[in-house]
Amino acid sequence: MIRSWFGIFAAALLSVMFASSSGLCVQQDEDLGLIPDNVLSQSAEQASAAEPEKYRFKVYVDEAATANIKRKNLTVPVPSSDDSGWNNRLSLDVKTEIIFSPNLSFIMADRLHYLLEENQEESGGRVQNDLKEVYFTGNSYSFLYLDIGRVNFKNGVAVGFNPTDYFKKNAVSYRISEDPNLLRENRLGVVMARAQGIWEKGSVTLAFAPEINQDPDTWWIDADSYGLRLDKTNNSNRFLSKITLNAFPDFNPEFLCFYDSDRSNFGTNLTKDIGDAAIIYLEWSGSSRPDIFAQSLTEAQESGKIPPNTPWVIDSGRESHFRNQLAIGFSYTEKVNRTTFVEYHFNEAGFSQEDWDNWFSAGKEAGTLLQNPATEALGTGMLGQLWTTRKWSQEAQEPLSRHSIFIRTFWEDALVHSLDLTGITRISLLDGSFFAQPMAEYHIKKNLTLSLSVNLFIGSDETEYGSVNPKADVKAGATYYF
Amino acid sequence: MKRLLILILIAFFPGISNAGPAKTADEIVAASDAVRNPGKPFSLSVSLLEYKEGSVQDKMLLTVYSKADQNSGQYRSLIRFIEPPRDENKLMLKNGNNLWFYDPESKSSVRLSQQQRLMGQASNGDVVTVNFHKDYKAKMENEETITDADRKQRKCYKLNMQALNETVTYYRIEYWVDMENDQPVKGKFYSESERLLKIAYYRGYREELGKIRPTEVIIIDGVDNKLVTKMNYSHYQFQKIPEDWFQKEYLPRFKGE
């Protein structure tokens with residue numbers, strides 16, 4: 001403070017001295033006094049020059065300890081419930097890019113988890129390795145790019161649900177958070193060949209992801225510690241084409257066509273700025289497909305998780321017809337450095353209120369069957385089907401309810417410097433139940449971030465979020481960047 | 001006698017010391033833009049130190065790649081984050097109102113609003129790489145001698161610049177330009193509601209890419225004036241920057257070579 005006043009005094013004195021020697025108007029520059037002296041004298045650390053690099057290397061360690069609060073009695077019991085009250089995850093994340101020449105690079109991203117849960121202390125926990133990406137990328141004719149290998153290819157402009165992110169299904173091998181941003185950082189790529197042409201007026205992308213031999217005894221399928229889990233990411237032949245048009249200064253529509261087995265999907269991504277502080281966006285995809293019940297149970301029977309001839313607990317029709325998925329919303333930034341995304345999600349293949357009623361009705365019936373040893377196996381089988389559908393929705397990263405709202409608020413440097421606050425909410429518009437996640441991150445040093453988050457699943461017993469375990473969890477974490 | 005008359009004129013009307021006819025306010029702004037910005041595509045390294053009441057509270061290193069748009073004359077920029085480590089290799093694209101942020105960890109591109117870009121330290125970059133004369137109508141206020149950030153007296157044109165369109169970040173700018181060499185000395189940047197957003201002092205003039213250019217800018221936050229950011233520019237170099245770079249789809253491809 002003393003220095004500031006000295007600065008003001010010095011600036012004023014200089015101004016007065018020079019005023020008498022000039023015929024010009026002389027301003028006493030009070031603004032200069034706002035600059036502390038050490039700001040002027042301290043030399044700056046210089047960034048390196050923008051030279052071509054030979055490699056890039058990024059490593060960080062992420063630690064997260066979570067405590068769960070369980071619901072005592074679920075309306076629809078989970079057949080193989082997880083009874084652990086806490087778990088711990090320690091992850092090492094490594095990303096490297098080796099640049100052989102301006103036209104050829106090799107990229108590898110890997111995350112190694114050490115996981116420990118309550119009741120597993122004696123076994124010492126388990127290790128899981130996620131080889132997220134490993135691919136070569138080449139460039140020719142300056143505009144043409146070719147990628148071959150396991151590539152994390154993400155599409156879509158929305159935040160909470162991406163109907164056009166066609167390679168998202170089954171890509172999250174370990175669910176580290178309910179925050180869609182964090183889930184994207186922890187997802188497996190898909191083995192594919194991708195070609196992309198980028199011109200001034202737009203781009204064209206073509207990608208082919210082949211089905212890979214699903215033999216469970218192979219190292220690329222192995223779900224144990226170091227398997228590649230290609231059965232998750234490459235279980236069918238898929239083809240994607242995408243066109244992005246830069247025909248307008250600030251409106252660049254994207255059109256996608258995706259072919260998966262015998263099904264074609266069409267999609268689009270649109271964004272537009274509204275004034276200085278808002279962006280509106282729309283992400284849509286449509287395809288001829290069955291509803292979530294039929295799709296999840298068909299796939300479970302095809303993979304052998306459910307015996308092939310087992311009748312379905314809920315059979316709302318197995319036929320496919322054209323169904324839409326939509327995420328439409330806006331972001332708004334306030335002057336306090338807080339940005340909020342509000343989205344409406346529509347999944348025409350998701351549960352209607354009638355579907356929910358059927359789901360709970362069948363679940364209660366199955367719960368009753370569990371009480372009798374003679375019918376216990378039948379009840380367990382029914383519950384297996386019911387929860388298969390819910391798990392499928394989570395792994396496919398599709399909203400389970402037909403109509404929902406998603407809100408994400410990010411407040412950088414909130415209240416104090418280096419403290420970031422994030423709030424996420426998903427609300428079912430069918431029953432009013434919701435998920436909420438407040439999270440605080442404090443950047444204690446430039447390479448160390450501490451975090452604390454709470455997950456809350458709120459709703460009455462027979463609602464989407466009131467019928468799951470846990471009821472809440474609290475997670476404390478630390479991330480250290482090398 | 002004639003020589004004495006010229007000296008008297010120069011002493012009292014320093015604005016006519018430059019040979020040729022007096023420059024208009026817009027020409028002064030254009031000349032000042034040329035001091036700050038090389039005429040050809042270029043890259044430079046930027047270090048930002050953010051001070052709160054004189055103590056460093058944040059540090060950031062960036063690399064900026066800029067190229068003027070043939071039609072609008074405005075600079076389009078790709079900003080690559082070098083530090084802090086958690087933000088390493090993240091990218092920000094500014095192409096007119098088309099603003100995108102790319103995170104290589106999540107492979108996500110998120111479109112930003114103008115307001116969102118203004119938040120955080122990186123937003124200060126545009127105080128340097130904006131071509132004012134394309135988007136503002138300048139008016140000569142008067143001639144002033146002001147104290148620059150090195151506590152030296154500079155004889156300046158004081159210009160009042162009004163935005164010509166709604167796409168610009170700052171609605172009005174008060175701008176002081178050295179009468180001798182067109183070097184910007186100081187700027188005060190206002191919102192449409194006449195709220196003072198930033199005060200900038202340009203200093204550290206040295207030769208870069210064939211011209212004497214500012215290599216340090218000190219920015220005082222207009223809302224919280226205890227918040228001061230010092231930006232240092234280094235490693236200026238002309239750079240071949242294809243048009244393809246300034247679009248969302250290119251961001252995952254960007255290597256910066």
Side-chain angles (χ1 to χ4, degrees), chain A residues 3 10-11 14-15 18 22-27 29 31-32 34-36 38-40 42 44-50 52 56 58 99 102 142-143 145 152 154 157 181 184-185 198-200 203 244 246 249-250 252 271 273 276-279 281 331 333 335 337 339 412 417 446-447 449 481, chain B residues 11-12 14 43 45-47 49 51-52 54 57 59 61-63 65 82-86 88-89 96-98 105-108 111 113-116 119-120 142-147 149 151 153 155 199 218 220 225 228 230 232 234-235 237 239 242-244 247-250 253 255-257:
Chain A
R3 285 182 176 180
L14 281 169
S15 302
F18 280 88
S22 169
L24 301 172
C25 170
V26 179
Q27 183 187 337
D29 198 335
D31 298 330
L32 259 183
L34 298 170
I35 306 174
N38 63 317
V39 174
L40 298 171
Q42 196 167 27
E45 183 183 340
Q46 292 202 339
S48 57
R56 290 181 185 174
K58 185 173 182 179
I99 300 160
S142 78
F143 66 90
Y145 298 85
N152 206 332
K154 194 249 169 190
V157 293
N181 270 19
R184 284 184 202 114
E185 291 179 12
I198 302 178
W199 300 271
E200 185 185 348
S203 68
T244 306
N246 295 334
D250 60 351
N252 316 120
T271 63
D273 59 325
D276 282 350
I279 300 287
Y281 50 89
S331 69
T333 302
K335 290 189 171 71
N337 206 359
T339 300
E412 193 173 352
H417 182 71
K446 72 174 185 179
N447 52 2
T449 299
Y481 296 86
Chain B
F12 283 94
S43 66
S45 302
V46 183
S47 81
L49 283 174
Y51 296 82
K52 180 85 173 181
Q57 68 168 13
K59 207 160 60 173
L61 299 178
L62 312 166
T63 308
Y65 303 82
I82 310 295
E83 279 194 22
R86 64 177 179 275
E88 189 181 354
N89 294 324
N97 281 357
N98 223 348
E105 294 297 317
S106 63
K107 307 278 179 182
S108 297
R111 187 161 178 182
S113 64
Q114 294 279 351
Q115 180 74 43
Q116 208 169 348
M119 298 294 139
N142 56 24
E143 296 171 357
E144 284 185 359
T145 295
I146 66 165
T147 311
R151 310 289 196 241
Q153 297 294 293
K155 293 176 184 174
I199 305 168
I218 295 170
I220 304 159
N225 58 28
V228 175
K230 182 161 77 169
N232 280 82
S234 59
H235 304 103
Q237 53 187 314
Q239 174 114 19
E243 289 293 317
D244 315 346
Q247 57 183 298
K248 183 194 82 163
E249 286 297 303
Y250 186 77
R253 303 284 178 192
K255 290 190 174 62
E257 73 277 13

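Chain letters run A, B, ... following the sequence lines, proteins first and then strands; every chain starts at 1.
Taking both residues in full, the closest heavy atoms of Asp244(B) and Trp199(A) are given as OD1-C, 3.8 Å, listed atom of the first, atom of the second, then distance. Scanning all heavy atoms of the two residues, the minimum distance from Pro85(B) to Asn447(A) falls at CG-CB, 4.0 Å. Shown here for Lys58(A) and Glu88(B), the closest heavy-atom pair between the two residues is NZ-O, 3.6 Å. Here the closest non-hydrogen pair linking Leu34(A) and Val228(B) is O-CG2, 3.7 Å.
Of the atoms belonging to Ala278(A), it is backbone heavy atoms, and not side-chain ones, that fall under 4.5 Å from chain B. The contact between Thr271(A) and chain B is made by backbone and side chain atoms together, counting heavy-atom distances below 4.5 Å. At a 4.5 Å heavy-atom cutoff, the contact between Asn246(A) and chain B is made by side-chain atoms alone.
With sequence neighbours excluded, the residues forming a ring-ring contact (aromatic ring centres under 6.0 Å, His included) with Tyr481(A) are Tyr60(A), listed by chain and number.
A distance of 8.5 Å separates CD1 in Ile35(A) from CD1 in Ile199(B), rounded to the nearest 0.5 Å. Rounding to the nearest 0.5 angstrom, the gap separating the CG atom in Asn252(A) from the CG atom in Asn98(B) is 4.5 Å. Arg111(B) contributes atom CZ, which lies 5.0 Å from atom CG of Asp273(A) (distance to the nearest 0.5 angstrom). Atom-to-atom distance recorded for Glu200(A):CD and Glu243(B):CD is 4.5 Å, nearest 0.5 angstrom.
Although no hydrogens or angles enter the test, the distance criterion places a donor-acceptor pair under 3.5 Å between the side chain of Asn38(A) and the main chain of Gly54(B). In this structure, the side chain of Lys446(A) does not engage the main chain of Pro84(B) through any donor-acceptor pair within 3.5 Å.
Residues Arg151(B) and Leu32(A) have side chains in contact (heavy-atom distance under 4.5 Å, counting atoms from C-beta outward). Contact annotation: the side chain of Thr244(A) never approaches that of Gln247(B) to less than 4.5 Å [non-hydrogen atoms, C-beta and beyond].
Taking chain A as the reference chain and counting heavy-atom pairs below 4.5 Å, the highest number among Lys52(B), Arg86(B), Lys248(B) is found for Arg86(B).
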